[in-house]
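For reference, the structure discussed in these notes is given below.
Basis for what follows: all heavy atoms, side chains included, without hydrogens, waters or symmetry-related copies. Below, read A as the first sequence line, B as the second, and so on, with proteins coming before strands; counting in each chain starts at 1.
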Number of protein chains: 2
Amino acid sequence: MATIYDVSVLAGVSLATVSRVMNNNTKVSEKTRQKVLDAMDSLGYKPNNIAQSLASNCSNSVGVVVSQLDGPFYGPMMTQIETSLRSANKHVIIAAGHSDEQQEKEGIDFLMSRGCDALILDVEAVSDDYLIKLSKGTTPIVLINRYIEAIKERCVYLDNELGGYMATDHMLSLGHTNIAYISGPMYKLDARDRLRGHQKAIAEHNLLFDPELWYEGNFREQGGADAMTHLLSLNKPITAVVCASDQMASGAIAVCIERGLKVPDDISFIGYDNIPFPAYITPTLSTISNPIDDMGHMAARWVLKQVYNHQEVDVDSCFKPELYVRGSAKQA
Amino acid sequence: MATIYDVSVLAGVSLATVSRVMNNNTKVSEKTRQKVLDAMDSLGYKPNNIAQSLASNCSNSVGVVVSQLDGPFYGPMMTQIETSLRSANKHVIIAAGHSDEQQEKEGIDFLMSRGCDALILDVEAVSDDYLIKLSKGTTPIVLINRYIEAIKERCVYLDNELGGYMATDHMLSLGHTNIAYISGPMYKLDARDRLRGHQKAIAEHNLLFDPELWYEGNFREQGGADAMTHLLSLNKPITAVVCASDQMASGAIAVCIERGLKVPDDISFIGYDNIPFPAYITPTLSTISNPIDDMGHMAARWVLKQVYNHQEVDVDSCFKPELYVRGSAKQA
DNA sequence: CTGTTAGCGCATTCAG
DNA sequence: CTGAATGCGCTAACAG
């Protein structure tokens, strides 16, 4: 691999001059600049990023910690982050936190020791206090999918309570009153927020929240199937089910169809997340959007603006869910 | 951030000694080792990876180029890669190639200039020759989902022709003879291989491959829907459809159901990939497995073994597809 | 505008 | 077993 030194010799200039044309932040005469450029390309010179990082104390890489890399969410989110950042010539280094406090912290340490210029975190197991403390360190952080009042200017999040409210409100407005709710695991903030929205909608319509009609799932298909099996065993007159994720809704619907129930004729469903797949099944799934990709994009923009001083980008961090009416819910 | 120098002063030893205990490849007396460890710990010392990389010419990071980060495949694959590598204390740096030659090459250059110790590539737009040349360079590469004879020891792949054969053979063995085929885009190798397998099965049963019953899709839901719409418009007595991806199968089934056709009573389907979602829809989708996650895992093991000299791991690179019989296909 | 000179934090000779 | 010295490839003052 050719080094900056080889280039300087071939071009007949000093080492510093070569560095200058690379970073073109200082004036270099057009003539010498061209000499250098020619030398670079006849040597096939590629700068060594590692050395640049060490010397400049800027690694041009940003670390991303997500709960998991698979599933319908993180892919689109990572796509946005990678695209935005790479077009600005920044690297993306990833680590999975697996919703485990220990692993999330390890991932963060890992990325910091790698000299990341900033961290984008979609973490759910570490505490607010830990993150607040972290935000006071030297490596800037931005949070996706989490709202912490004390550092709200670093949060990119979805109003999940509103989303939960909207889902249930949709069923209510269709005339349903016996509405079951399949929630995500309660240790997750977004699951709690969505449930709160559900309860709020119920209360606003002067109905009583029946804990028996609430089942704690796990956001996955199987959890939805288990939940539905349980709800059906109650022998209650349920006419609508609000699910805190599209995956759970799919699992739940599958159970109903297996038992000979017609969706939406016998029982209505609404999901949450608006992942691509359920838009293609029968019935098509009504849902609430969870623009996780847009949030990834926004987090990347935040980093570009706050860390790399790209003044031109705007950052807006609170996202509002939207209702997508499709075929899985009908008038009661 | 404390440096190795700070540690050496506190421990009352030389810089080199500290370095030695970190890398513990040279003998250090237990007493001094303990002094150093204590010093590290009271300073909260974390080695600077960047500096280590520059000095050792080993970045402990491996680059991964995938076509896309979203969709049902790359997530699970990335999960395996990240998990395997991180447990060996290696970093994963990602770049998306977007199935575009220019972008794939840029991604590769990008990762090489970052000093990656090895590259894991799931690329489809660059040529075999380019990859063969690349494999002769200084940065080791391993290919996922691609078989190139000249560098087969660097390939981790699925026998797609066999998979295509198995899918169609399943329909044939159920007695179907009017079988349509919805393929992936022909510029993709796996799409071509699967089609070849289909044709082989057809031929083996002394049937004729009817080009009219073959539609080139795009591997996505919408492509399957478009394909089915076209096939139905032919007014041919099709009783079974083999799809080169589960996503296309889902799109195609949706169209059938919309038109009042019963699956599998009126028409049978089989997909390819065995992605999680269609196992939860109605009817559950029969399919051929595409163990992309296992392949990711294997590629990571290859790197560990070949690049980082972990002798204990075994590498086996040719994966065989498996048939998953579920509810979308029945006797003709 | 350009060259000289120090480091960045660490691994690695080479002596001792 | 340990310390001193050198350099990885590059950036960033500082002079000129």
Side-chain angles (χ1 to χ4, degrees), chain A residues 1-37 39-40 43-61 89 91 112-117 138-139 308-309, chain B residues 1-37 39-40 43-61 89 91 109 112-117 138-139 308:
Chain A
M1 223 32 173
T3 74
I4 196 176
Y5 176 77
D6 302 323
V7 176
S8 74
V9 171
L10 211 176
V13 299
S14 81
L15 240 154
T17 303
V18 178
S19 175
R20 285 188 185 104
V21 348
M22 293 183 48
N23 303 305
N24 69 36
N25 37 16
T26 325
K27 297 283 106 182
V28 178
S29 83
E30 195 47 46
K31 225 167 59 189
T32 54
R33 145 182 243 84
Q34 202 50 56
K35 276 194 303 189
V36 171
L37 256 20
M40 282 183 172
L43 284 172
Y45 170 77
K46 296 266 171 82
N48 179 323
N49 273 289
I50 303 275
Q52 288 180 315
S53 298
L54 185 59
S56 66
N57 193 32
C58 168
S59 66
N60 283 316
S61 66
N89 241 282
H91 309 277
M112 300 223 321
S113 81
R114 189 78 185 109
C116 288
D117 298 331
T138 52
T139 306
Y308 296 115
N309 301 312
Chain B
M1 226 28 174
T3 76
I4 197 178
Y5 176 76
D6 301 324
V7 175
S8 74
V9 171
L10 212 176
V13 299
S14 83
L15 236 153
T17 303
V18 177
S19 177
R20 287 189 183 104
V21 347
M22 290 183 50
N23 302 305
N24 67 40
N25 37 15
T26 323
K27 297 283 103 180
V28 177
S29 82
E30 196 46 48
K31 224 166 60 185
T32 55
R33 145 183 244 82
Q34 202 49 56
K35 275 195 300 188
V36 171
L37 257 20
M40 282 184 171
L43 285 173
Y45 171 77
K46 295 266 170 80
N48 178 324
N49 273 288
I50 302 274
Q52 288 180 317
S53 299
L54 185 60
S56 66
N57 195 30
C58 166
S59 66
N60 283 316
S61 67
N89 241 283
H91 305 95
D109 284 348
M112 300 220 325
S113 81
R114 190 71 186 126
C116 288
D117 299 329
T138 50
T139 306
Y308 296 115

Item to complete: Run through T17(A), L15(A), L37(A), L43(A) and flag the one making a side-chain contact (heavy atoms from CB on, under 4.5 Å) with V7(A).
Response: L43(A)

Worksheet item: Testing I4(B), V28(B), V21(B), L10(B) for side-chain contact (heavy atoms from CB on, under 4.5 Å) with V36(B), which one passes?
Response: V21(B)

Fill in: First-last contacting nucleotides on DNA chain D - partner chain B, under 4.0 angstrom, heavy atom
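Taking any atom under 4.0 Å from a heavy atom of chain B, the span is dC1(D) to dG9(D).
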
Discussion item. Test side-chain contact (heavy atoms from CB on, under 4.5 Å) on C116(B) and S61(B); report intermediate values, then the result.
Written reply: CA-CA 5 Å; C116(B) 288; S61(B) 67; 3.9 Å; yes

Item to complete: Show your working on side chain to side chain donor-acceptor pair (under 3.5 Å) between D117(A) and Y308(A) and close with a plain yes or no.
Response: CA-CA 9 Å; D117(A) 298 331; Y308(A) 296 115; 2.6 Å; yes

Fill in: Phosphate contact (dC10(C) OP1 or OP2) by Y45(B) side-chain N/O below 4.0 Å
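Checking Y45(B) against dC10(C): at least one side-chain N or O falls below 4.0 Å of OP1 or OP2.
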
Discussion item. Other residues, nucleotides and ligands only: do more than 12 of their heavy atoms fall within 6.0 Å of CG on N23(B)?
Written reply: yes

Worksheet item: Has N57(B) got more than 12 heavy atoms of other residues, nucleotides or ligands less than 6.0 Å from its CG?
Response: no

Practice prompt. Could you give me the CA-CA distance, side-chain angles and deciding distance for N48(B) and T3(B), then say whether side-chain contact (heavy atoms from CB on, under 4.5 Å) is met?
Written response: CA-CA 8 Å; N48(B) 178 324; T3(B) 76; over 6 Å; no

Item to complete: List the atom of P47(A), the atom of Q52(A), and the distance in Å for their closest heavy-atom pair.
Response: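 What the structure gives for the nearest pair is CB-NE2, 3.7 Å.
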
Fill in: Shortest non-hydrogen contact from L54(B) toward I50(A)
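Heavy atoms of L54(B) and I50(A) come nearest at N-CG2, 3.7 Å.
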
Practice prompt. Kindly state which residues belonging to residues 9-22 of chain A come within less than 4.0 angstrom of DNA chain C, counting heavy atoms of the residue only, listed by number.
Written response: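 V13(A), S14(A), A16(A), T17(A), R20(A) - these, ordered by number, are the residues of the stretch whose heavy atoms sit under 4.0 Å from the strand.
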
Worksheet item: Can you list, by residue number, the residues of residues 46-59 of chain B that have a non-hydrogen atom closer than 4.0 angstrom to DNA chain C?
Response: P47(B), N48(B), A51(B), Q52(B), A55(B), S56(B)

Worksheet item: With distance as the sole test, does S59(B) use its side chain to make a donor-acceptor pair with the main-chain N or O of G115(B) at under 3.5 Å?
Response: yes

